[in-house]
Structure formats: structure tokens, C-alpha cells
Amino acid sequence: MYDKYQKVRERGKPTHKPYDEFSIKHPHMDLTKRAKVFSPFDALKGFNDEISNTELHFESNHYDLEHVIFEECP
């Protein structure tokens, strides 16, 4: 079965020499900057705080999770 990207896949991943035109225009990103770009973000504002508060509540009341009945989500 032929698809429009078959030729691209057959070429494989491009390789660049350290000082070729592409590598000069697009230098490698520093790992600390790269980590910042791909770091998780708080999509639901306050959700992580609420989870932390719930964990503290369970820990302070010494709940045993084996005996807690969780509600099913619809």
C-alpha cells in the first residue's frame, strides 16, 4: 500500500555534520532549556494543590486505603 509519506520514511533520519549550514543555523538546545520547554504544566489550576491537601488529610487521619470505598465515575 502506497501512501504520500512513503518516500520520506525511506530516506530515513537526516544526519548533519557539526559545522554544516543546518547545524550552524539550528544549534543544539542546552539540556536545561530543553527540559524547561518540555516540563509539565498545570493544566487544571489548583488541582495539584488539592491532591496534596487530600494526601495530607489522609496521612494525618491515618486512613487505611484498603478499607476506603471509592465512588465510581460515570
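Residues forming a side-chain contact (heavy atoms from CB on, under 4.5 Å) with Ile24 (at least two apart in sequence, or on another chain): none. Looking at residues two or more places apart in sequence or on another chain, you find a salt bridge (Lys or Arg N to Asp or Glu O under 4.0 Å) between Glu21 and Lys25. Scored by the side-chain hydrogen bond (donor to acceptor under 3.5 Å, both in side chains) test, Thr32 finds Asp30 as partners (sequence neighbours excluded). Every residue was checked against the salt bridge (Lys or Arg N to Asp or Glu O under 4.0 Å) condition with Arg11, not counting sequence neighbours, and none meets it. Applying the ring-ring contact (aromatic ring centres under 6.0 Å, His included) test to Phe22 and every residue at least two apart in sequence or in another chain returns His16, His26.
The structure places NZ of Lys33 at 14.5 Å from NE2 of His28, a figure rounded to the nearest 0.5 Å. Thr54 OG1 to Asp49 CG: the interatomic distance, rounded to the nearest 0.5 Å, is 10.5 Å.
Judged purely by atom type and a 3.5 angstrom limit, Ser23 has no side-chain atom pairing as donor or acceptor with the backbone of Tyr19.
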